[in-house]
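The structure appears below as structure tokens.
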Number of protein chains: 2
Amino acid sequence: MDERQALTSFAALSQETRLAIVRTLVVAGPGGLAAGLIAERMGVSPSNVSFHLKELERSGLIAQRRESRSIVYSASYDALADLVKFLMEDCCAGHPMIREGMQRPDGCCKAAAARSEGDIVA
Amino acid sequence: MDERQALTSFAALSQETRLAIVRTLVVAGPGGLAAGLIAERMGVSPSNVSFHLKELERSGLIAQRRESRSIVYSASYDALADLVKFLMEDCCAGHPMIREGMQRPDGCCKAAAARSEGDIVA
DNA sequence: TCAATGATTCAAGGATTATTGAACAATGGA
DNA sequence: TCCATTGTTCAATAATCCTTGAATCATTGA
């Protein structure tokens, strides 16, 4: 991810409705949600949600596809991963002080290590 | 980190000069850099850099301290780590597809991420 | 105290972004 | 074909943000 795309991604996420849309679409999964459904959940007008969806698509954070009468939007997991990566590695220079704050609370690494040794993880 | 702070942090990073300042300060380390030096490196006027530094401080991503005649700015590593964390866990719901793109250099969690892939299937 | 240095604040402007409602386009069923 | 459904686009307004230069504040040394 280059800097230009990072800038537009940050801009996309800096608006309340758009951040809420992204969070909703991430949870919704690859199946995505129709524009009308998103508008309803966000409590905004169709034209307003359309404006924000277009912004998000322009940034690459979400994708759209037509499905019959509906236009279905879904999160671009790759783009989101790229953004996290950019923030951690490019922007924050892979700084130890920041990586340290990123210990995974789910015990992911411990579980992975345990599994590789054939143990059962609770 | 709450949503409100995430929004202002994203807004802060969505501007070219400010993103450059953050990157510069992260590399500069805890010692930080004086405002004048930052202005010089960014190639912008003192008043303009002051404006952006204030925005960044308001978002909590950087901190300031006076040091003799200079005002020295430094990166808030905690805030940056919190933002990465928010993006990964709150915003992206700790989604495996996104975590996967975030392998640490040692490949620690590769196995666990691969195993979790099934979670996203609706 | 005075002058010089380093930086912020303020006001004015220009530019970008957000919101609203009306008009328009695409799809699928009767 | 006609119509209802589903979304988008457009134009106008409102709100925010960015830039600039002049004025101001704080600190230090002579």
Side-chain angles (χ1 to χ4, degrees), chain A residues 3-25 28 31-76, chain B residues 3-25 28 31-76:
Chain A
E3 176 175 319
R4 185 54 56 178
Q5 185 163 2
L7 284 170
T8 72
S9 295
F10 287 137
L13 294 178
S14 72
Q15 207 279 339
E16 198 171 3
T17 301
R18 287 197 296 260
L19 180 57
I21 290 174
V22 169
R23 297 175 86 161
T24 300
L25 289 182
L33 292 175
L37 231 156
I38 297 171
E40 194 183 340
R41 288 209 197 168
M42 301 300 133
V44 301
S45 71
S47 103
N48 186 252
V49 90
S50 192
F51 169 79
H52 288 305
L53 286 170
K54 202 175 61 173
E55 277 312 277
L56 284 169
E57 212 205 346
R58 204 171 58 85
S59 78
L61 293 177
I62 69 174
Q64 73 162 200
R65 67 177 191 274
R66 180 173 277 282
E67 204 155 285
S68 176
R69 263 184 268 205
S70 297
I71 294 186
V72 176
Y73 289 87
S74 54
S76 291
Chain B
E3 176 175 316
R4 186 54 55 180
Q5 185 163 2
L7 284 170
T8 71
S9 295
F10 287 136
L13 294 178
S14 72
Q15 208 278 341
E16 198 170 2
T17 303
R18 287 196 297 260
L19 181 56
I21 291 173
V22 169
R23 297 175 87 161
T24 301
L25 289 182
L33 293 174
L37 231 156
I38 298 172
E40 193 183 340
R41 289 210 196 168
M42 301 300 131
V44 301
S45 71
S47 101
N48 187 254
V49 91
S50 194
F51 169 79
H52 289 305
L53 287 169
K54 203 175 61 174
E55 281 306 281
L56 284 168
E57 212 206 346
R58 205 171 57 84
S59 77
L61 292 177
I62 69 172
Q64 74 162 199
R65 66 176 191 275
R66 180 174 277 281
E67 203 155 284
S68 176
R69 262 184 268 210
S70 299
I71 294 187
V72 175
Y73 288 87
S74 55
S76 290

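Just so you know, these numbers use all the heavy atoms, side chains as well, and skip hydrogens, waters and symmetry mates. Here is how names work: the chains are called A, B, and so on, in the same order as the sequence lines, proteins then strands, and each is numbered from 1.
Under the 4.5 Å side-chain criterion, counting only non-hydrogen atoms from C-beta, A:Leu7 is in contact with A:Arg4. In this structure, the side chains of A:Ile21 and A:Val49 come closer than 4.5 Å at one or more pairs of heavy atoms. The closest side-chain heavy-atom distance from A:Thr24 to A:Met42 is below 4.5 Å. Inter-residue side-chain proximity for A:Leu61 and A:Arg18 is flagged as unmet; no heavy-atom pair is nearer than 4.5 Å.
Residue A:Ile38 comes nearest to A:Tyr73 through the heavy atom pair CD1-CB, 4.0 Å, listed as atom of the first residue, atom of the second, then distance.
Using a 4.0 Å heavy-atom criterion, one finds that B:Ala11 contacts no nucleic acid atom at all. As judged by a 4.0 angstrom heavy-atom cut-off over every strand, B:Ala39 is placed among residues making no nucleic acid contact.
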What is the per-nucleotide protein-contact pattern of nucleotides 20-30 of chain C, from the 5' end, where B denotes a base atom under 4.0 Å from a protein heavy atom, S denotes such proximity for sugar-phosphate atoms only, and - denotes neither?
BBB----BS--
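The phosphate of C:dT17 (OP1 or OP2) has no side-chain N or O of B:Gln15 nearer than 4.0 angstrom. OP1 or OP2 of C:dT17 has not a single side-chain nitrogen or oxygen of A:His52 nearer than 4.0 Å. At the phosphate of C:dT8, OP1 or OP2 sits under 4.0 Å from a side-chain N or O atom of B:Tyr73.
What separates CZ of A:Arg58 from C1' of C:dA18 is a distance of 13 Å, to the nearest Å. As rounded to whole Å, 14 Å separates atom C1' of C:dA18 from atom CG of A:Leu53. Rounded to an integer number of Å, the gap from B:Glu40 CD to C:dA7 P is 10 Å.
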Can you check side-chain contact (heavy atoms from CB on, under 4.5 Å) on A:Arg41 and A:Leu33, steps first, answer last?
CA-CA 10 Å; A:Arg41 288 209 197 168; A:Leu33 292 175; 3.9 Å; yes
Step by step, would you call A:Gln64 with A:Leu53 a side-chain contact (heavy atoms from CB on, under 4.5 Å)?
CA-CA 9 Å; A:Gln64 73 162 200; A:Leu53 286 170; over 6 Å; no
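Atom CD of B:Glu16 is surrounded by 12 or fewer heavy atoms from other residues, nucleotides or ligands within 6.0 Å.
In 5' to 3' order, the nucleotides of DNA chain D bounding all contacts with chain A (an atom under 4.0 Å from a heavy atom) are D:dA4 to D:dT9.
Between B:Lys54 and B:Glu57 there is no salt bridge, since no side-chain N of the basic residue sits under 4.0 Å from a carboxylate O of the acidic one.
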